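None of the values given here were measured: they were computed from a predicted structure. Below, chain A is the first sequence line, B the second, and so on; all start at residue 1.
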Amino acid sequence: MAAPELAAAELAATELAAIKPAELAAAAQQAQASPASPTPALAPFSERLIAWQRRAGRHGLPWQGTRDPYRVWLSEIMLQQTQVQTVLRYYPRFVQTLPNVQQLAQASEDQVLQLWSGLGYYSRARNLHRAAQQVVAQWGGQFPRDPQQLASLPGIGRSTAHAIAAFCFGARQSILDANVQRVMARWLAFDGDLASTAAVRSLWQQAHQLLPRQDLQRAMPAYTQGLMDLGAMVCTPRKPDCDACPLAADCRARLQQRVLHYPVKTRKLQRRALTWLWLVVRDAQGRVLLQKRPARGASGGIWAQLYCFPSFEEPAQLERFQADCGWAGLALQWQGQFRHVLTHRDLTLRPAVLQLPGAGNALPSLPGSTEQADAPAPWHWVPVAHILAGQWAVPAALLGWLRQGGL
DNA sequence: AAGTCGGGGGA
DNA sequence: TCCCCAGACTT
């Protein structure tokens, strides 16, 4: 069978509008650019992708070279909306500290959050913890192989479930993360707006059609890795390197010379400005007061259940808190302000240091804080060195301020 | 369908 | 600055 015909059949299977004959001819011509070679050069999508991954893809990452569902799962969760380079700073320490699902299930939520501190999207860590407990309780510590059962675990959606099933069990299921959406949208010249569920659903179906059909135990891990590697290394958002792409010969976006037009995704992100006053209480022993933030609050759920300095929106609130704690006579030393930008918040943080003459004591109550202290005794006197050593689950903004010499 | 949730990297 | 990233969950 001539390879160009096979590629054409695959395109037809995507149920897109028919390819313009000129485009197909161009693709076939490019595929057989070498006149000395009678062998058709254009192998199927999946075969080209797998061959490219083995030759030029990413190898040797800490979560590769294993079919241990625990390690694969952990990596997939950490990598959600997070780049590889960032995860490399967290993954090794996490697996070394909690090397299997049983240990994770038995760990405290605070320890899990501490290992996650600075990585962001902290609900991932709490869902990870709960999912580990479910795996132990419901499946005796063995991850289910069925993607639907995997997706029933907290924090595991369709794409992550398919990734685990493909990497660990050779399941014939496609991922559809942002990388794959871009690769697919370009190769198919898919015009649907990926902000709509209908378009994404269509892309799911087409991604499924392109999956390997043979030798799945070997093919699926390399294919899945290849999709992500291609999106991260070659088919990048701004500067795709089409010369290095194994799919360029019949990439419809490229044939249209509109690679950067895809994927189509409308989005409107509004970022609200917010100013928080931080009360940094320091005692004579060099300890500071940390307060555990509530799960949800009027100021939004950012940094929920992390440890932070008592935070206020108005100076009067801060000063009333100061008085309630019996520190009314001590001078506040305002340290200026700095910005910390999150996806949906533009935070301005204004730390005010309050130096205690003696040791910090247990506090009778913490009234007046914007973040209601509804949990019992949610405050702690913590040596600054312990925070800097990563022993407390604190937001990156707090850690960054301390490292910049805020105290 | 829209809103929410962190932080870092790169152009 | 702005966009993007191995998404999932809630409303």
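- A:T160 comes within 4.0 angstrom of sugar-phosphate atoms only, judged by non-hydrogen atoms across all strands, and of no base.
- Counting only Watson-Crick or G-U wobble pairs whose defining distances are both under 3.5 Å, the stems of 3 or more consecutive pairs in DNA chain C are B:1-5 with C:7-11, B:7-11 with C:1-5.
- Less than 6.0 angstrom separates the ring centroid of A:W187 from the ring centroid of A:F45.
- Of the candidate nucleotides B:dT4, B:dG6, C:dA6, B:dG6 has the atom nearest to the side chain of A:W303.
- Minimum atom distance to the side chain of A:Q80 is reached by C:dA8, of the listed C:dA8, B:dT4, B:dG6.
- A:I77 comes within 4.0 angstrom of nothing in the nucleic acid, heavy atoms only.
- Across all strands, A:G231 comes closer than 4.0 Å to no nucleic acid atom at all (heavy-atom distances).
- B:dG6 and C:dT10 are spaced 14 Å apart, taking the P atom of each and rounding to whole Å.
- The base of B:dG9 does not come close enough to the side chain of A:T86 for any donor and acceptor atom to sit less than 3.5 Å apart.
- In terms of heavy-atom proximity, A:C308 sits nearest to A:R293 at CB-CD, 3.8 Å.
- Side-chain proximity of A:T197 to B:dG6, C:dA6, B:dA1: nearest is B:dA1.
- Of the candidates C:dA6, B:dG7, B:dG9, B:dG9 carries the atom nearest the A:Q85 side chain, counting heavy atoms from C-beta on.
- Taking every side-chain heavy atom of A:R58 into account, C:dA6 is the closest of C:dC4, B:dG6, C:dA6.
- Among the nucleotides C:dA6, C:dC3, B:dC5, the one closest to the side chain of A:L79 is C:dA6.
- Comparing C:dA6, B:dG6, C:dT1 against the side chain of A:M228 picks out C:dA6 as the nearest.
- Judged by distance alone with a 3.5 Å cut-off, a donor-acceptor contact links the side chain of A:T343 to the base of B:dG6.
- Which of B:dA1, C:dA6, B:dG3 sits closest to the side chain of A:Q270 comes down to B:dG3.
- Nucleotides B:dG10 and C:dA6 place their P atoms 13 Å apart, quoted to the nearest Å.
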